[in-house]
There are 2 protein chains.
Amino acid sequence: MEITQKTLAYLKSLTAETVSNAKSGHTGSALGASSIMLALFHDHLFFDPKDTKLINRDRLVMSAGHTSALYYSLLHLFGYDISIEDLKKFRQLGSKTPGHPEINATPGVEVSTGPLGQGVANAVGLAIAESMMEAKFNEKKFEMFNNYTYCYAGDGCLMEGVAVEACSLAGTLKLNKLILLYDNNEITIDGKRDLACSENTALKFEAMGWNVIEVKDGNDYYKCSSAIKKAKKSDKPTIIIFKTTIGIGTKCEGSEKSHAMPLSAEDLAEFKTSLGVEGSFYVPDDVYDFCKSALTKNYLESARYKKQYEAYAKAYPEKYLELAMHFKEPKINFNKILKSLNKTQVISGRDMGHEAINLISKDVPNFVGGTADVAPSTKAVLDDYDYYSPSNRLGKNIHFGIREHAMGAISNGIALYTNIFVFDSTFMGFSNYMTPAIRMSAMMHLPVLSIFTHDSINIGEDGPSHQPIEQISALRQIVGLNVFRPTNSAELVAGLKIFFETKTPTALILSKSKLENNKNVSLEDALKGGYIIYKTKEKPMIEIIATGSEIVLATQIAKKLESKSVGVKVTSMPCEKLFDAQEKKHKSSVLGGTKLRVVIEASNDTVWYKYLTSKDMLVNVTNYQTSGKGSEVYAHAGFDADLITKNILKKLKLN
Amino acid sequence: MEITQKTLAYLKSLTAETVSNAKSGHTGSALGASSIMLALFHDHLFFDPKDTKLINRDRLVMSAGHTSALYYSLLHLFGYDISIEDLKKFRQLGSKTPGHPEINATPGVEVSTGPLGQGVANAVGLAIAESMMEAKFNEKKFEMFNNYTYCYAGDGCLMEGVAVEACSLAGTLKLNKLILLYDNNEITIDGKRDLACSENTALKFEAMGWNVIEVKDGNDYYKCSSAIKKAKKSDKPTIIIFKTTIGIGTKCEGSEKSHAMPLSAEDLAEFKTSLGVEGSFYVPDDVYDFCKSALTKNYLESARYKKQYEAYAKAYPEKYLELAMHFKEPKINFNKILKSLNKTQVISGRDMGHEAINLISKDVPNFVGGTADVAPSTKAVLDDYDYYSPSNRLGKNIHFGIREHAMGAISNGIALYTNIFVFDSTFMGFSNYMTPAIRMSAMMHLPVLSIFTHDSINIGEDGPSHQPIEQISALRQIVGLNVFRPTNSAELVAGLKIFFETKTPTALILSKSKLENNKNVSLEDALKGGYIIYKTKEKPMIEIIATGSEIVLATQIAKKLESKSVGVKVTSMPCEKLFDAQEKKHKSSVLGGTKLRVVIEASNDTVWYKYLTSKDMLVNVTNYQTSGKGSEVYAHAGFDADLITKNILKKLKLN
């Protein structure tokens, strides 16, 4: 057998055996995509298994993450730290070869994928990042950045809105180093793709400004390889539509049955015989050698690149230093930023946010981002920088368009590139369009800062569809996401400090309404997630916990109670997750010792029950409100200082 | 002035004045779309303001809901119960004219819209429903259903993934009575549309199987009207691309500044002068008469239709009865269904769900739905019925494709048509792709049943991206959505009973794993949302609250404790919202009287703190888990009967 065909045969066998051995996983597309992916790895992909973080490596996103058995088999063949034993542990607890690719589990995996469509948007983000780095750092004879971003996607991925949103933006942005490998096997779980999707993909992508290449026989290694070669020369993003056969060579070839079906021992044996391969989990030396030939070429290029990197330091020392900053912890003087923010006494959350990100951007060159077409409203704009566009790759602000979900997933992609800090932004009411992407950023622990403004019912006139009441809860519940709802500069800066220092994905929930910026609050206090912001001289009988705009209200209530000689303390808790993580000593110094605890937040979040007993009081929003003036809607929903004061006194039988 | 132009002028004036008077709202597109919408209302739309629920009325969805001032002005001119006084109360608390259209606020409004893109998918759902009704009920000389669905959408709507997903499906399904009125003013909030979206919309829709009509002057009433006339004859869904001018005639014409800018008193006066109109909030009689002429035509048709409806009763009595069922409460023998489900002792949640919806569908002819390409997995299929397709409009199962968000919003549209009960379904892990649509179904109170299977970490091998832990919380927090996570048939049936009887949108969270179907549980118990499912003879010292699969675990723990002579009661709480709504008597008979309360749920939901004090115990999932065998992942996360038993005994110092 010719060596390419032989390698393909052993790759298929290894892939099918990996799934079959686990008795779990997806055989269909893993076999169907084998020619495409082998051609990519052998003939095109620039990678260095010994330096998986090489900054100019090509990026590969397996958007159809269920094709993982093929992916891991390729990583094994091409020198990554994945052994045959690892393949035998496919999908087992604690293995390097989980069901869907995970960046923290497997060397070589660039992006955690699984939920369909998002990988395509991640790839768009990676390509945006590459183009930014290229524009910023490339010099004559020093192509510091020129890598390609490949994205493997199936019929499912391309039906997902998040993928189409991202592709529309990619076409607009002319991301010519983005290559979408579309495994068009025309089969989905329910049966033929046409049952739910008869669209003309080629034409659709052409309409979105893409270069379209069609490969009628996507099972042919050489045709796959030559299409990829062509794609690399395009001045637009390219989709290669490979007509493939799902489960090729197996009993269920061409049928949806092959999608998630591990082959039985018998069927596997038959399949292997038809491929002409021998052994179990066996790869002949000449197949390894064939793969090594690609590796050798890549190792040479990797070595050359490293030399170039060193030479760059001498040729362009300033640029080199800036590039090096991407790999260092940013140095940000947060106290100085706080001082500057504290110059304004009464300010809205969104205005505070705007000022803060602009101050930070002076210290962090690798900080970029944008909004979903609401820049004038959320004010998440870096004023000193241009917008990123095909003619200006140096712009740091991105017009994501009215595409919240893609914005989230593209931000993840940018952040994945190489230590770029990213912000994205929309109204809090639409944060639910992007929670699937935020969940993935939390799972991957990416430095993405989501700036959500217009944070509650007091936005008023736009009505219930725009008044977020459940959205904050959906964010707070995301494991590994920090959520800050600040009421003053110190809290805002605390959220940003933790974000930049720990690179934990963070959501800032900012008000459209004015806040009283209490400049007596120290950064140290705010960094505890919860602290006493107001305390009467009288010994507190009542404690109020609140966040964001509701601190304004809580303070009013406290003053009213104070005037009746009732002692009160008000705790501001911008990040309850952070507060919970404090030492017991701090927590008990803040909470407790009173007769009544009241939580006030204009949301429907049940997290507050954590701090309440049945004897306490929760002032929240448990119904959709109506359209009306912000202050009226707020009061109508019960957020009224007189009313709450009255209810507190009643509860304590003090009225 | 010619009367059409005069009407247009007064419509524009009324619209601008409405926004200007409120000092809040959106002037830009409301003016830009006035020719399109006046042409639609006057020349095409079939409606009866005196019978806003007329079943064969044309449906209009204002997807770009911020264009509401124009919409309300038209409703006023065309005989709906919206007065000039109502227009003066635009965006005020409790008015009939809220910021964005809301079905419960305004007579004539078909769909609550605002979050961009969703309205387009709602319209696709309405068109699907119409085609189903047409196929089911039309007979020779009795066109009981033939209405059009119009959807007004802007540049923003069409960038949203949910809209593109829905349009792709609409093309596949050849929904020829769907007409998308695309107000292509080329301006979004950030500036020119091209900044973020340079795609060729015409070509994109052609690729998706649509009929495309372009109107170069969308400010020309006659050209708009004639395009709509053409669209009505298409055998495909039609998009009419109207090139319009945002804020036409005002100072900020053609600029993004006009989007959300109420005109100042001075600018309004100038604008009115340029239009040649008089008075304030004034409409001359001949303008009212012009609108009335369309009304008269519509009233005649409405009367004719009603006669036809009566005649249909005689000509096709059986079909008439079935049609009448759409407007009656369905009669479902839930006890019988429960009895049938109870025949199986050990069964997975998804299998129970499958059997239940099939039994119900025998009693409810107006029950349709489908999955996002996971029918074999979630088993949400009506076995006795075909799939809906262009060649079979009688099918009751829908291939939504891999488009969760659109599935949710399309389901809302179907449910909006005329008392159709809808189910949709995907994996619980992807429920977050569709929460924006579920939120709207909750706001509109629509009979949409979401069937989410593979409900927790014990799905195992697919790994954390597919293991839902936060998703249940995001659903439970949605105001007006019932969430049921049943552990047995009685609980499942209870959830369905409430769904069909109250038409409250409901999410069923079903396991892939096997449950022990306790047939001793009565429907009455389950209908309380929480009840004691297991109790030892010994007086309970410990109470365990659990849901779904965790009841299996809780019962194991109870038996272990029992064997150590420790009294226990286990409370199953499939719907905590429902339990909370019970009388105090029931609640105190279920909860309390023990030394330790333990809640067990394989989720990260903070709702359980509602029932816990700091002395109690919460066994939940606060971290992403890994890929592995379901039972191993479950145990690894702490869901192990021995471990939990040991911890309980330790807590009570009984070990």
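Given the structure is predicted, the values throughout are model-derived calculations rather than measurements. First the proteins, then the strands, lettered A, B, ... as listed; each starts at 1.
Annotation: maximal heavy-atom pairing with chain A below 4.5 Å, among B:N432, B:N623, B:D155, occurs at B:N432. Between chain A and the options B:S431, B:G171, B:P376, B:A474, the largest number of non-hydrogen pairs under 4.5 Å is found for B:P376. Looking only at heavy-atom pairs under 4.5 Å with chain B, the residue among A:V633, A:D462, A:T435 that has the most is A:D462. Each of A:V374, A:N200, A:L158, A:L93 has some count of heavy-atom pairs under 4.5 Å with chain B, and the biggest count is that of A:L93. Between chain A and the options B:M208, B:Q92, B:E632, B:H466, heavy-atom pairs under 4.5 Å are most frequent for B:H466. Contact count versus chain B (heavy atoms, under 4.5 Å) is highest, among A:S24, A:P464, A:A375, A:A442, for A:P464. Heavy-atom pairs under 4.5 Å with chain A peak, among B:V164, B:L169, B:L203, at B:L203. Ranked by non-hydrogen atom pairs under 4.5 Å with chain A, the options B:G460, B:S168, B:P115 are led by B:P115. Counting heavy-atom pairs closer than 4.5 Å to chain B, the top-ranked of the candidates A:L116, A:T626, A:T613 is A:L116. With chain B as partner, the option from A:H26, A:K204, A:R403, A:R193 having the largest number of non-hydrogen pairs under 4.5 angstrom is A:R403. Most heavy-atom pairs under 4.5 Å with chain B: of the set A:G401, A:G463, A:G209, A:S473, this distinction falls to A:S473.
Scanning all heavy atoms of the two residues, the minimum distance from A:C167 to A:F205 falls at SG-CE2, 3.5 Å. Contact detail for A:A437 and A:G408: the closest heavy-atom pair is CB-C, 3.5 Å. The two residues B:C157 and B:A163 make their nearest non-hydrogen contact at O-CB, 3.2 Å. When all heavy atoms are compared, the tightest approach of B:S68 to B:P98 is OG-O, 4.0 Å. Here the closest non-hydrogen pair linking A:A406 and A:A166 is CB-N, 3.8 Å.
Side-chain polar atoms of A:D616 and A:Y609 form no donor-acceptor pair below 3.5 angstrom. Remark: the B:D580 side chain and the B:Y611 side chain contain an N/O donor-acceptor pair separated by less than 3.5 Å.
For B:K577, the side chain to side chain donor-acceptor pair (under 3.5 Å) criterion is met by no residue, not counting sequence neighbours. Residues satisfying the salt bridge (charged side-chain N to carboxylate O under 4.0 Å, His left out) test with B:R476, not counting sequence neighbours, are B:E576, B:E601, B:D605.
Proximity to chain B is limited to the side chain of A:M440, based on heavy atoms less than 4.5 angstrom apart. Both the backbone and the side chain of A:V607 come within less than 4.5 Å of a heavy atom in chain B. Only the side chain of A:H636 has a heavy atom closer than 4.5 Å to any heavy atom of chain B. With a 4.5 angstrom heavy-atom cutoff, B:H405 touches chain A only via side-chain atoms. Heavy-atom distances place no part of B:F427 under 4.5 Å from chain A, backbone and side chain included. Within the 4.5 angstrom heavy-atom criterion, no atom of B:L618 approaches chain A. With a threshold of 4.5 angstrom between heavy atoms, B:E102 approaches chain A through side-chain atoms but not through N, CA, C or O. Neither the backbone nor the side chain of A:F90 comes within less than 4.5 Å of any heavy atom of chain B. Both the backbone and the side chain of A:I469 have a heavy atom closer than 4.5 Å to some heavy atom of chain B. Both the backbone and the side chain of A:R439 come within less than 4.5 Å of a heavy atom of chain B. Residue contact with chain B, scored on non-hydrogen atoms closer than 4.5 Å, is absent for A:Q625. Proximity to chain B (any heavy atom under 4.5 Å) is shown, for A:T188, by both the backbone and the side chain. Of the two parts of A:E404, the backbone and the side chain both hold a non-hydrogen atom closer than 4.5 Å to a non-hydrogen atom of chain B. With a threshold of 4.5 angstrom between heavy atoms, A:T113 approaches chain B through N, CA, C or O but not through any side-chain atom.
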Practice item. Tell me, with the steps shown, if A:V111 and A:M444 meet side chain to side chain contact (heavy atoms under 4.5 Å, CB included). Key: CA-CA 8 Å; A:V111 185; A:M444 290 188 269; 4.1 Å; yes
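Between A:Y387 and A:H399, the ring planes lie parallel to each other; the angle is under 30°, not in the 30° to 60° tilted range. The aromatic rings of B:Y433 and B:F430 lie perpendicular to each other, with more than 60° between the two planes, well past the 30° mark.
How far CD1 of B:I459 is from CD of B:E461: 9.0 Å, rounded to the nearest 0.5 Å. In this structure, CD1 in B:I398 is found 13.5 Å from CG in A:L195, a value given to the nearest 0.5 Å. Rounding to the nearest 0.5 Å places CD of A:E470 at 11.5 Å from CG of A:L475.
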